[in-house]
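Working notes, beginning with the structure itself.
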Amino acid sequence: MLEGKIIVEGRDRKPLDIENLWFSEHDLPPNHRIIHTYDDEVTGRRPDRLTIYVDRENIFMSAYCIVDVPSGSYEARTVGNALAGGTWPRVLIRYSRAIDAFRALGQVLTAARAAELALDGSGDRPLRTPDFVISEKAQFETLALMIDCSRNGVLGTKNVYAMLRNMALMGFNMLQLYTEDTYKVAGEPFFGYLRGGYTQDELRAIDDYAFTLGIEVVACIQTLGHLGQILQWPRYAGLRDTNEVILSRLPETYVFLEKLIAAVSAPLRSKRIHIGMDEAYGVGEGRFRSMFGAQEGTAIFVEHLARVHEICTKRGLRPMIWSDMLFCLAAKNNALYAYYDQSNNPADALSKVEGIPPGIDLVFWDYYHTAPEIYARKIQQHRDLGCDSPWMAGGAWTWSRLWCYLPFSFESNRASLTAAKSPMGRVGSFMLTIWGDEGNECDFFSALPVMLYAANHAYTDRTEIDAVFMENTFAAICGGSLGDWMNASRIDEIPPDGDVMEARSQLPSNMSKWLLWEDPMLSFMSPQYAALDLEEHYTQIADRLLECALSSTNSGRTVGPGPNAVRYPLNRLLRMPGLVARVLSLKCHLRDKLVVPYRAGDRAALLQVVETRLRPLIEAQRELWLYHRSRWHRIYKPFGWETLELRYGGLTARLQTMYDRLVAYSLQQPASTLRRSRAIG
C-alpha cells in the first residue's frame with residue numbers, strides 16, 4: 001500500500017475539520033479508517049494545523065495557511081521525505097479556499113491509487129515514492145449541486161452528509177436542497193406533513209457539517225409555482241391562483257411568503273436564497289383573473305418578483321430564480337420550446353414593464369442540448385435582460401427513471417460547461433441539478449459519476465475530460481468502477497440493432513421504467529420492441545451487474561488476484577439496476593411467448609411457459625421490490641415510499657392473477673380455483 005504524508009497549506013487560517021471524511025457512501029472499505037488530530041509536534045499547537053491519519057495507508061494531512069495562492073487555485077506536489085529513514089514521501093498542498101484543499105485531497109487520493117496500481121509483477125512491493133505535481137484552477141466562483149427533496153424522496157441527513165463528503169473531494173462549494181413544502185414552518189402544520197420535511201435542527205446540522213467542508217448551503221424553495229402540495233389543503237384555498245400557482249398581488253400572499261423565507265433561511269449561514277418561480281404555468285389565469293382582471297403575464301410575474309425581492313432584501317438575502325418563465329411568458333407559450341427558442345428574447349417584453357429588480361441572479365437551466373453554441377447564445381440573451389452574471393444549470397438525468405442515464409448526462413453537461421467557460425458564455429456559477437420527478441424511483445447516488453464529470457470540467461479550461469482520468473478519480477473518490485456504472489445505464493438503451501425503431505427524439509429513453517410498470521397481460525409496449533432481442537440484452541446486463549455487486553463478499557468487484565486486487569466497494573449499488581435488468585429479461589416478450597401456445601390450443605406448452613418464465617418473473621420481481629424497499633429506507637426518509645410500494649403492489653397482484661388464471665386454464669380447472677390460489681414467493 002502507498003505510504004506518504006500530505007501537508008495542506010491555505011489562506012483562511014482555519015483548520016480543515018474532516019472528521020469521518022471518506023469517499024464511500026456508508027461503510028469504509030476494509031482496512032481504512034480516518035482519524036483526525038492536531039499535529040502538535042510540527043505546529044507547536046498552532047490552531048491552523050490539522051492532521052488526518054488514514055489507517056494502514058499511512059497517508060496523513062496537516063493543514064495550515066499561506067497567503068500567496070490565487071483564489072480558486074491549488075497545487076499538490078511531492079517535496080521529499082519527511083520522516084527519519086526517508087521512507088514516507090511528503091506531499092505538499094497549497095490552496096486558497098477550503099474547498100480547493102478538499103479537491104486537492106481527492107486528486108492526491110487518485111494519484112495514490114494510481115501509484116498502488118503501478119506495482120511490479122510480484123505484487124508484493126508498494127511504490128513508496130511517487131513523484132507528481134498537480135495544479136488546478138477553478139473555472140467558476142461557485143460550483144453548486146442541487147438535490148430534489150420534493151418529488152417523493154427526502155434525502156436523510158446522514159446521506160446528505162455522504163453527498164457533502166463526495167462533493168468536497170470533487171470540489172463543489174455549494175449545496176441546494178430543493179424543498180417545495182418539505183421543510184418545517186412554525187404555525188404552518190401542513191409544511192412537511194406526511195412528507196418528511198426537514199426540521200430547523202436538521203437544516204442547521206447540515207449547514208454546520210457543510211461549513212466544515214468549505215461548502216455553502218443555500219435554501220432552494222418556491223414562491224410562485226410548484227406549490228400544489230401546499231395549495232391542495234383547504235387551509236390555503238384563499239391563496240390559490242391555480243392548483244399549482246400562488247395568488248399574486250394579494251397582500252396575504254406576501255405575509256405568507258415572508259414567513260416561509262424567514263423559516264427556511266434562519267438555520268443557514270448563507271445570505272443567498274433560491275426562490276424558484278419556474279414553470280408557473282397559468283399565472284394570472286385562475287382566481288387572479290376573476291379578482292384583478294385579465295393582465296399581461298410578464299407584468300404579473302415581474303410585479304410578483306419585485307414583491308418577493310423586497311422581502312429578501314429586508315432580510316439581507318440575495319435571491320436567484322429559474323429564468324424560464326421570463327421567456328415563456330414573452331412568447332405566450334408554456335412549452336419548453338419557447339424557453340430554448342433561439343429567436344425568443346424577452347428583453348422587448350420586459351422593456352414594456354418595470355423590468356427585473358436589480359440584485360436578482362437568473363439561473364438558466366437546460367438539460368437537453370448537446371451543442372455548446374446553443375447554450376452560449378441563450379446565456380447572452382440573459383445578459384440582454386440586465387443580468388451581467390447569469391448562472392448555468394445542467395442536469396444529471398435521474399428523473400422519471402430507475403438509474404441515472406450517464407451517457408447523455410455527460411454529453412449535455414459537456415456542452416453546457418463548455419459554453420459556460422467559453423469567452424462568449426463566461427459565467428461565474430454552474431449548478432448541477434438532480435431531479436426526482438414522477439416518484440423519485442432513482443437512487444440519487446447513481447448520479448455520482450455526473451457530479452464528478454461536472455467537477456472535473458469545472459477545474460480545467462479544456463473542453464474534453466480524459467476517460468482514464470475519469471475512471472481513476474471515480475474509483476479513488478467514490479469507490480466504484482466507472483465502466484460498470486456506465487453499463488448500468490444500458491437498462492435504458494435499445495440494443496445495437498435498435499435502428500429498426502423510429503428515433504423520434506435525441507433525448508434518452510426511460511425504457512426500463514415503462515417495461516417494469518406496464519401491465520404484464522396487456523403488454524401494450526410489446527409491438528414497439530417486437531423486432532428487438534430485449535431478452536438477451538437484459539440478461540447480459542443483469543449477469544454483469546449482479547456479478548459486480550455481489551462478488552468479493554458483497555464488498556464490490558475485485559480485479560486481480562490476492563491482497564493487491566483492486567476493489568470497488570461502491571459497486572454494491574449496482575444491485576438495483578442488476579435486479580431491474582433481471583426482471584425485464586423475464587418480462588419482455590412474455591406475452592408473445594404465451595400467445596403462441598394459447599392460440600395453438602397447446603395447454604401443456606402454455607403451462608411450461610408459465611412455470612419456466614412467469615413464475616421466475618414473480619420471484620425476481622419480489623426480490624427487486626424487497627431490495628428497493630431496503631435501499632429507499634437507507635437513503636431517504638420513509639415518507640414517499642408508499643407511492644412506489646403501491647406500484648410494486650399493483651404489479652405483484654397483476655402477475656399473480658396472470659399466473660393463477662393461466663394455470664387454471666392450462667389444467668382446465670374451474671375459475672373458482674382462483675379463490676384458493678396462494679401467492680408465489
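Everything numeric here is computed off the predicted structure, so don't read it as measured data.
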Tell me the closest heavy-atom pair linking [X] and [Y], and the distance in Å.
| X | Y | result |
| --- | --- | --- |
| N571 | S481 | OD1-N, 3.1 Å |
| C220 | M146 | SG-CG, 4.3 Å |
| F102 | A168 | CB-O, 3.2 Å |
| A396 | L432 | N-CD1, 3.8 Å |
| L143 | N173 | N-OD1, 2.8 Å |
| S150 | T182 | OG-OG1, 3.6 Å |

Donor-acceptor pair, distance only, cut-off 3.5 Å: does the side chain of [X] make one with the backbone of [Y]?
| X | Y | value |
| --- | --- | --- |
| R572 | P569 | yes |
| N413 | A454 | no |
| S489 | C404 | yes |
| T223 | I275 | yes |
| K637 | G196 | yes |
| N344 | Y340 | no |

Does one side chain, of [X] or [Y], offer a donor that lies under 3.5 Å from an acceptor on the other?
| X | Y | value |
| --- | --- | --- |
| W435 | Y367 | yes |
| R377 | N345 | no |
| D278 | Q222 | yes |
| T157 | E202 | no |

Listed by chain and number, what are the side-chain hydrogen bond (donor to acceptor under 3.5 Å, both in side chains) partners of [X], not counting sequence neighbours?
| X | answer |
| --- | --- |
| T418 | none |
| N152 | T643 |
| D366 | H369 |
| R269 | D207, D208 |

**Message:** One pair to check against side-chain contact (heavy atoms from CB on, under 4.5 Å): S429 and S389. What are the steps and the verdict?
**Reply:** CA-CA 8 Å; S429 302; S389 185; 5.7 Å; no

For [X], ring-ring contact (aromatic ring centres under 6.0 Å, His included) partners two or more places apart:
| X | answer |
| --- | --- |
| W485 | W403, F474 |
| Y459 | none |
| F364 | Y339, H382 |
| Y636 | F444, W632 |

To the nearest 0.5 Å, tell me how far [X] [atom1] sits from [Y] [atom2].
| X | Y | atom1 | atom2 | result |
| --- | --- | --- | --- | --- |
| N472 | L109 | CG | CG | 12.5 Å |
| I374 | S416 | CD1 | OG | 11.5 Å |
| W399 | N440 | CH2 | CG | 12.5 Å |
| L177 | L145 | CG | CG | 9.0 Å |
| S96 | E75 | OG | CD | 12.5 Å |
| L385 | L326 | CG | CG | 6.5 Å |

**Message:** If the threshold is 4.0 Å, N to carboxylate O, is there a salt bridge linking R401 and D492?
**Reply:** yes

**Asked** Going by the salt bridge (Lys or Arg N to Asp or Glu O under 4.0 Å) test, which pairs reach into residues 137-156, not counting sequence neighbours?
**Response**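 Residue pairs passing salt bridge (Lys or Arg N to Asp or Glu O under 4.0 Å), neighbours aside: D148-R151, R151-E180, R151-D437.
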
Heavy-atom distance under 4.5 Å between the side chains of [X] and [Y], does that happen here?
| X | Y | result |
| --- | --- | --- |
| I360 | L305 | yes |
| P508 | Y405 | yes |
| D361 | H274 | no |
| E438 | K513 | yes |
| L155 | I635 | yes |
| F211 | V217 | no |
| W391 | T142 | yes |
| C442 | L402 | no |

**Request:** Take I434 and M451, measure what side-chain contact (heavy atoms from CB on, under 4.5 Å) needs, and give me the verdict at the end.
**Result:** CA-CA 9 Å; I434 299 178; M451 292 168 54; 4.3 Å; yes

**Item:** Non-neighbouring partners of R204 that pass salt bridge (Lys or Arg N to Asp or Glu O under 4.0 Å), sequence neighbours left out
**Value:**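 Partners of R204 under the salt bridge (Lys or Arg N to Asp or Glu O under 4.0 Å) test: D201.
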
**Item:** Contacts of type salt bridge (Lys or Arg N to Asp or Glu O under 4.0 Å), residue E279, not counting sequence neighbours
**Value:** none

**Prompt:** Under 6.0 Å between the ring centres of F410 and Y453?
**Reply:** yes

**Prompt:** side-chain contact (heavy atoms from CB on, under 4.5 Å) between M392 and Y375: does it pass, once the steps are laid out?
**Reply:** CA-CA 9 Å; M392 179 74 241; Y375 294 91; 3.6 Å; yes

**Request:** Quick one: do E373 and K378 satisfy side-chain contact (heavy atoms from CB on, under 4.5 Å)? Show the steps, please.
**Result:** CA-CA 9 Å; E373 58 272 15; K378 190 58 70 171; over 6 Å; no

**Message:** Y74 and side-chain hydrogen bond (donor to acceptor under 3.5 Å, both in side chains): which single residue from R97, Q107, E136 fits?
**Reply:**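 Result: among R97, Q107, E136, E136 is the only option passing the side-chain hydrogen bond (donor to acceptor under 3.5 Å, both in side chains) with Y74.
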
Side-chain atoms of residues 419-428: list all donor-acceptor pairs with protein atoms under 3.5 Å, sequence neighbours left out, distances to 0.1 Å.
| unit_1 | atom_1 | unit_2 | atom_2 | d |
| --- | --- | --- | --- | --- |
| K421 | NZ | H457 | O | 2.9 |
| K421 | NZ | H457 | ND1 | 2.8 |
| K421 | NZ | T460 | O | 2.8 |
| K421 | NZ | R462 | O | 2.8 |
| S422 | OG | A419 | O | 2.7 |
| S422 | OG | G425 | N | 3.0 |
| R426 | NH1 | K421 | O | 2.9 |

**Item:** Candidate pair Y183 and Y198, rule ring pair (Phe, Tyr, Trp, His ring centres under 6.0 Å), full reasoning
**Value:** CA-CA 4 Å; Y183 57 98; Y198 290 114; 9.3 Å; no

**Prompt:** Just wondering, more than 12 heavy atoms not from F469 lying within 6.0 Å of its CZ?
**Reply:**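 For F469, atom CZ is crowded (more than 12 foreign heavy atoms under 6.0 Å).
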
